[in-house]
Amino acid sequence: MPTAMATANLSVSPSAKPHQALARTWRPRDFQSLVGQEHVVRALSHALDTGRLHHAYLFTGTRGVGKTTVSRILARALNCETGVSSRPCGQCGACVAIEQGRFPDYVEMDAASNRGVEEMAQLLEQVVYSPVSGRYKVYMIDEVHMLSGHAFNAMLKTLEEPPAHVVFILATTDPRKVPVTVLSRCLQFNLKNLPPVLIARHLATVLEAESVPFEPGALAQIGRAAAGSMRDALSLLDQAIAHGGGRIEESAVREMLGVVDRRDLERLLEALVAGDGRALVMLADDMLSGNAPFERALLDFAALLQRIALAQVGAITADDDDGALALGWAPRVDALELQVWYQIAIHGARDLPLAPDAHAGFSMVLLRLLAFRPESEGGAAPQPALARPAAPMVAAPIAAAPMARPTAAPSLASSSASQVPAVPPVPTRPAFPAPESAPTASPAIATAPAVLVPAAAATTAFDGDWTSLAAAVTAGLQGRAGLVGQFMQQSELLGFDAATDTFSLRVPVRPLAEPALIGKVRERLAHHFGRPMKVAVDVGTVRGTTVAAVRNREQAQANAQAHANIEGDAFVQTLLTSFDGTILPESIQPLRPTGEPTP
């Protein structure tokens, strides 16, 4: 009786099968079921169907994108008993044997553990023999970049001219380490990383077939965590099923992966847009209570900002990963602020280990995001730095402003003082006026009044001198011009409609015509004229006078005068003659008035 009882306890139901990992169960068996590598499938399918086969293939790509899978499908396509085609039957003896790893004419070798010349010589000795049961002998060498230099040299001749019944398939995650002599003998296919949306969609198909309930948000998290690898995604899916007790829930997957709740990132954005420092500190405390990974939170926040930046330029749609979320935030976040936040986030994640503790470092990064917000025109709460002790000055045209000369700095100072005795000096560089000879397209430049007037007292009517207006607006930005300053300096006036207060302008490059930037230019012009202004922008070759052109011309004139002064100086000539010296042209710089910044 004890013996019978022991036998009963050890019996196993004939229908019970050991669980197989999803990455193995769902490995594609043909080209049609391969996910996300259409460019490779298309090329190999055409080659197989038309009989234009190569003797050596090189598959490159990161781990888990399908290099070994493609090689096995190719081996089945070459040896299927129904004939060579892009659609192996999967049922014949050759197809089943290759899938089960027992086909004598399909050899997979791991170069990481068989990297020596002896192993390679042993493999090449078998190449000359005809296939045992198949049509082709297929040799698949994985991680081929791990072979030694002597092993590569040993295979070169055979790789270039193998027997007609041999096909080599090489796979590597680092093609840069493969000698060019090997690369030139192979057809190379680069398998791409899979986007998170495509991974999540395939995981949903797998779970539906496996009858496992799931939440779409959980699959999106797994898709991002897989970093482009379908094998990693299926392995994480196996882990998530075990972690969730047969269910895939977003909260459980977030806990398993140690990722940040997307709602926390949205709270972070809300607080930043509102300028609410207290809300940021409370968010950091809440995340500490939830045991959130702070470094991961900063990196995820940077990733979200990147998606919002793409949405602002129209590079994503609502169908993309987190596309709807990014599109919703795109009009609410200033483009300049977004760039500053992105830099602070990635640098804060890098420096987090240097903080006294992770929570303190994370809190300081959040406050830094708030403290370093760039000043924006027309914002709800202007920064203290916007307060100015005096109104900025609009510069006169060049005809009324003497150029700085290296040998006449004292007279320049006295001349400036006599011209504007009632106006205190301004520490900023004055705007560059129109040149002495202006293009005929803008005749008002030559007749512009040669006086300095405060910006606050500027006339509300536009006199047609866009160059002086652009210079005045640029000078008024006080060192924080950014893209607005670039727009004003590089734009050309095409026309002005006084009835509608519309400027028609041309800029040389497309980034200066972005809608967000044009909106800021309108704000600056409205601030200058005291009423709403309209701006129409065209992109093309700028031929008229711009602030940048005037600045370049003035700089060239100053440099030429400085060179002439140095070369004509008697003392300098004495030094050159006495010491057999030469003048380095690039070392000559014109002197500037005290307090004027170097451009």
Student: Could you give me the CA-CA distance, side-chain angles and deciding distance for V206 and L234, then say whether side chain to side chain contact (heavy atoms under 4.5 Å, CB included) is met?
Tutor: CA-CA 9 Å; V206 171; L234 290 170; 4.3 Å; yes

Student: Of all the heavy-atom pairs spanning A284 and H359, show the shortest one and how long it is.
Tutor: O-CD2, 3.5 Å

Student: Without swapping roles, check the side chain of K67 against the backbone of T62 for a donor-acceptor pair under 3.5 Å.
Tutor: yes

Student: Quick one: CE on M533 to CZ on R522, what's the gap to the nearest 0.5 Å?
Tutor: 11.5 Å

Student: Step by step, work out the side chain to side chain contact (heavy atoms under 4.5 Å, CB included) result for H39 and K192.
Tutor: CA-CA 9 Å; H39 63 298; K192 301 180 296 186; 3.6 Å; yes

Student: Specify the closest pair of heavy atoms between I222 and A240, including all atoms of both residues, with the distance to one decimal.
Tutor: CD1-CB, 4.1 Å

Student: Please examine the side chains of E266 and W329, heavy atoms only from C-beta on, and report whether any two atoms are closer than 4.5 Å.
Tutor: yes

Student: Would you check if R524 and H528 make a side-chain contact, meaning some heavy-atom pair closer than 4.5 Å?
Tutor: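 R524 vs H528: side chains apart.
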
Student: Give the minimum heavy-atom separation between A226 and R63, together with the two atoms involved.
Tutor: O-NH2, 3.6 Å

Student: About how many Å separate CZ of R201 and CG of L198, when rounded to the nearest 0.5 Å?
Tutor: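 Reported to 0.5 Å precision, the distance equals 6.0 Å.
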
Student: Considering residues, nucleotides and ligands other than H527, do more than 12 of their heavy atoms fall under 6.0 Å from its NE2?
Tutor: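 Not buried by this count: 12 neighbours or fewer within 6.0 Å.
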
Student: Just verifying a value: how many Å separate R267 CZ and D276 CG, rounded to the nearest 0.5 Å?
Tutor: 11.0 Å

Student: I'd like to know if the side chain of T500 pairs up with that of D497 as donor and acceptor (distance under 3.5 Å, no hydrogens or angles considered).
Tutor: yes

Student: Please tell me whether F372 and W341 form a close aromatic pair, meaning their ring centres lie under 6.0 Å apart.
Tutor: no

Student: CD/Q339 to CD/Q306 distance, rounded to the nearest 0.5 angstrom?
Tutor: 10.0 Å

Student: Is the distance between the ring centroids of F301 and Y342 less than 6.0 Å?
Tutor: no

Student: How close do V542 and Q490 get, counting heavy atoms only, and between which atoms?
Tutor: CG2-O, 3.9 Å

Student: With a 3.5 Å distance limit and no angle check, can you tell me whether Q312 reaches the backbone of V333 through a side-chain donor-acceptor pair?
Tutor: yes

Student: Using 0.5 Å steps for rounding, measure from the CG atom of D538 to the OG atom of S491.
Tutor: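 One finds 12.0 Å between CG of D538 and OG of S491.
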
Student: Does either side chain, that of W466 or that of T546, offer a donor lying less than 3.5 Å from an acceptor on the other one?
Tutor: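 No.
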
Student: Less than 4.5 Å apart, side chain to side chain, heavy atoms only: is that true for F294 and L288?
Tutor: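 Yes. Closest side-chain heavy atoms under 4.5 Å.
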
Student: Check whether any side-chain heavy atom of L269 lies under 4.5 Å from a side-chain heavy atom of L305, and answer yes or no.
Tutor: yes

Student: Any non-hydrogen side-chain atom of V212 less than 4.5 Å from a side-chain atom of I248?
Tutor: yes

Student: Distance from D351 atom CG to R368 atom CZ, nearest 0.5 Å?
Tutor: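 Answer rounded to 0.5 Å: 7.0 Å.
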
Student: So does M230 get a backbone contact from the side chain of H202, meaning a donor-acceptor N/O pair under 3.5 Å?
Tutor: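 Checked: no pair found.
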
Student: Do V65 and Q37 touch side chain to side chain, with heavy atoms closer than 4.5 Å?
Tutor: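 Answer yes - side chains close enough.
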
Student: Please indicate whether M364 has more than 12 foreign heavy atoms, meaning atoms of other residues, nucleotides or ligands, lying under 6.0 Å from its CE.
Tutor: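 Result for CE/M364: open.
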
Student: Using modelled atom types and a 3.5 Å cut-off, is there a donor and acceptor pairing between side-chain atoms of T502 and backbone atoms of A498?
Tutor: no

Student: Kindly assign one of parallel, tilted or perpendicular to the pair F496 and F462, based on the angle between their ring planes and the thresholds 30° and 60°.
Tutor: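 It falls in the perpendicular class, over 60°.
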
Student: Would you call L525 and L469 a side-chain contact if the rule is heavy atoms closer than 4.5 Å?
Tutor: yes

Student: Between R332 and E270, does at least one N-O distance fall below 4.0 Å, as a salt bridge requires?
Tutor: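 The answer is yes: the pair qualifies as a salt bridge.
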
Student: Please report the shortest heavy-atom distance between K520 and L336, naming the atom on each side.
Tutor: CE-CD1, 4.1 Å

Student: Under 4.5 Å between any side-chain heavy atoms of L505 and E492, yes or no?
Tutor: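 They are not in contact (no side-chain heavy atoms under 4.5 Å apart), so the answer is no.
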
Student: Could you give me the CA-CA distance, side-chain angles and deciding distance for L237 and L219, then say whether side chain to side chain contact (heavy atoms under 4.5 Å, CB included) is met?
Tutor: CA-CA 8 Å; L237 190 63; L219 302 188; 4.1 Å; yes

Student: Give me the atom names and distance for the closest heavy-atom approach of L352 to E295.
Tutor: CD2-N, 3.5 Å

Student: Ignoring hydrogens and geometry, is there a side-chain-to-backbone donor-acceptor pair from E215 to E249 under 3.5 Å?
Tutor: no

Student: Would you please test T467 and D465 for side chain to side chain contact (heavy atoms under 4.5 Å, CB included) and show each step?
Tutor: CA-CA 6 Å; T467 307; D465 188 353; 3.8 Å; yes

